[in-house]
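Bear in mind that the values here come from a model prediction, so they are computed numbers and not experimental data.
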Amino acid sequence: MTLSEHFKPLLSLSQRFPLIFRILHRLLLSFVLLWAVTVMIFVGVEALPGDFATTYLGQSATPEAVANIRVDLGIDRPLLTRYGEWLSNALTGDFGTSWASQQSVSEQISRRLGNSLFLALFAAIVAVPLSVGLGLIAVRYRNRIPDKLINILSLAAVSLPEFFVGYLMIMLFVVTFPTAAFPSTVYDDMGFLSRLEAIVLPVATLVLVVLAHMMRMTRAAIMQVMSSAYMETAELKGMSGLRAIIHHAAPNALAPIINVVALNLAYLIVGVVVVEVVFVYPGMGQYMIDAVTVRDLPVVQACGLIFAAIYIALNMVADILAILANPRLRHPR
């Protein structure tokens, strides 16, 4: 029996159930990619210049003292052995103990990750509907003043990096017109409204950073659908422009819109590092930067793995939703 005959039943099933096979393929690809990322994170962090033992003891430390700390931390063992132990522990949610603070990395991350997710959630609540709405307005008034104004503002927003937008916010709303809180400090017993007040500036910064890209991609996706034959037919039948966009163009442009929204949501999670540092926000980004400074490898590896897992998961969800939104896969002939 030839190799093609062995796989013939599988190929037949994939043709009968393309939706299920596409989703399973995307899930498998995500897991393989996440495993590859774990290798890159572990090897990359190990290759960072400097040494925790030397940093902790100072330049005047004796070689014997440095060697003793390396033995205590287990970093004198082979790289492959340490990777295997780290990966197996990470799969159970155990990221070890911070070398700098001697506290559980998992417990520290659980508090910090909640703060980062809180910040990203409210940025998404503002950015997603605003960007889709502006994209619809730009299409409705394409090549007219509202469309041109939205495009100019979005290009300006895309051109500005996060740290510049953040410092601009601080200059305007803290120094010149002191109306917002700075630094953006939150703590466990803080009330909900107080938390919202504290994150106004970092949320506004994140919204401005991702808004333009989501809006422009939404506009491009809907414009591509608007040029199709059935949309021209709908307009010739007298259907109003806004109704045609909302009821016909937007649903058919759903897949690319979902992709770009999910990509930007992933960026909101992993891209908060710069914003958290600028606004001194106690989230995962700030935690990771502090750990990199002192070469606290367990913390850096854990933060890198969590950021990568969230990014890959959101991209996987976006791809699966795009597959589900494809009528040719939902209703194969």
Subject >> Value rounded to 0.5 Å, distance of CG in D296 from OG1 in T97 >> reply: 10.0 Å
**OP:** Identify whether L29 and I310 are in the same connected component of the hydrophobic contact network (ILVMFWY, side-chain heavy atoms under 4.5 Å).
**Re:** no
**OP:** Could you please spell out the steps behind the side chain to side chain contact (heavy atoms under 4.5 Å, CB included) verdict for T38 and Y83?
**Re:** CA-CA 9 Å; T38 65; Y83 169 74; 2.9 Å; yes
**OP:** Identify the heavy atoms of M214 and A127 that sit nearest to each other, and give their distance.
**Re:** CE-CB, 3.7 Å
Subject >> Residue pair G135 / M215: nearest heavy atoms and the distance that separates them >> reply: N-CG, 3.6 Å
**OP:** Please name all residues satisfying side chain to side chain contact (heavy atoms under 4.5 Å, CB included) with A308, sequence neighbours left out, ordered by chain then number.
**Re:** V37, I41
Subject >> Min side-chain heavy-atom separation L208-L168 under 4.5 Å >> reply: no
**OP:** Give the cluster check for V317 versus F31: same hydrophobic cluster or not, with ILVMFWY residues linked at side-chain heavy-atom distances below 4.5 Å.
**Re:** no
Subject >> Contacts of S101 that satisfy side chain to side chain donor-acceptor pair (under 3.5 Å) - sequence neighbours left out >> reply: S98, Q108
Original post:
What is the minimum heavy-atom distance between P129 and A124, and which atoms define it?
Top reply: CD-O, 3.8 Å
Subject >> Partner residues of L153 under the side chain to side chain contact (heavy atoms under 4.5 Å, CB included) criterion, sequence neighbours left out >> reply: L149
**OP:** Spell out, yes or no, whether V43 and F307 are grouped together once hydrophobic residues are joined by side-chain heavy atoms under 4.5 Å, including indirect joins.
**Re:** yes
Subject >> Between CD1 on residue I312 and CH2 on residue W35, distance to nearest 0.5 Å >> reply: 12.5 Å
Just distance, no hydrogens or angles: give the donor-acceptor pairs under 3.5 Å from side chains in residues 192-207, sequence neighbours left out.
residue: R195; atom: NH2; partner: Y187; partner atom: O; Å: 2.9
residue: T205; atom: OG1; partner: L201; partner atom: O; Å: 2.9

Original post:
Given side chains that start at C-beta, do those of N115 and L119 come closer than 4.5 Å, heavy atoms only?
Top reply: no
Subject >> For the student: nearest non-hydrogen atoms of D94 and G96, plus distance >> reply: OD1-N, 3.0 Å
Original post:
Under the side chain to side chain donor-acceptor pair (under 3.5 Å) test, which residues partner N315, sequence neighbours left out?
Top reply: none
Subject >> Under the ring-ring contact (aromatic ring centres under 6.0 Å, His included) test, residues paired with F118 that sit two or more places apart >> reply: F122
Original post:
How long is the gap from CD1 on I150 to CG on L134, to the nearest 0.5 Å?
Top reply: 5.0 Å
Original post:
Quick one: side chain to side chain contact (heavy atoms under 4.5 Å, CB included) partners of T185, sequence neighbours excluded?
Top reply: P183
Subject >> CG/L91: more than 12 non-hydrogen atoms of other groups inside 6.0 Å >> reply: yes
**OP:** Not counting sequence neighbours, which residues clear ring-ring contact (aromatic ring centres under 6.0 Å, His included) with F95? List them please.
**Re:** none
Subject >> Distance (rounded to the nearest 0.5 Å) between L28 CG and I23 CD1 >> reply: 14.0 Å
Subject >> For R26, all residues meeting salt bridge (charged side-chain N to carboxylate O under 4.0 Å, His left out), sequence neighbours excluded >> reply: D319
Subject >> Rounded distance (nearest 0.5 Å) linking atom CG of L117 with atom CG of L121 >> reply: 8.0 Å
Subject >> side chain to side chain donor-acceptor pair (under 3.5 Å) partners for R82, two or more places apart >> reply: E46
Subject >> L211 backbone acceptor or donor facing S131 side chain under 3.5 Å >> reply: no
Original post:
Considering residues at least two apart in sequence or located in another chain, which fulfil the side chain to side chain contact (heavy atoms under 4.5 Å, CB included) criterion with S104?
Top reply: S106, E107
Original post:
Is the number of heavy atoms from other residues, nucleotides or ligands under 6.0 Å of M40 CE greater than 12?
Top reply: no
Original post:
Is there a donor-acceptor pair closer than 3.5 Å between any side-chain N or O of Y287 and the backbone N or O of V299?
Top reply: no
Original post:
Going from CG on D147 to CD1 on I145, what distance comes out if it is rounded to the nearest 0.5 angstrom?
Top reply: 11.0 Å
Identify each donor-acceptor pair in which a side-chain atom of residues 268-280 lies under 3.5 Å from a protein atom, sequence neighbours left out, and give them as a table.
residue: E276; atom: OE1; partner: M284; partner atom: N; Å: 3.3
residue: E276; atom: OE1; partner: G285; partner atom: N; Å: 2.6
residue: E276; atom: OE1; partner: Q286; partner atom: N; Å: 3.1
residue: E276; atom: OE2; partner: S116; partner atom: OG; Å: 2.6

**OP:** Could you pull out the closest heavy-atom pair between A302 and I109, with the gap in Å?
**Re:** CB-CD1, 3.5 Å
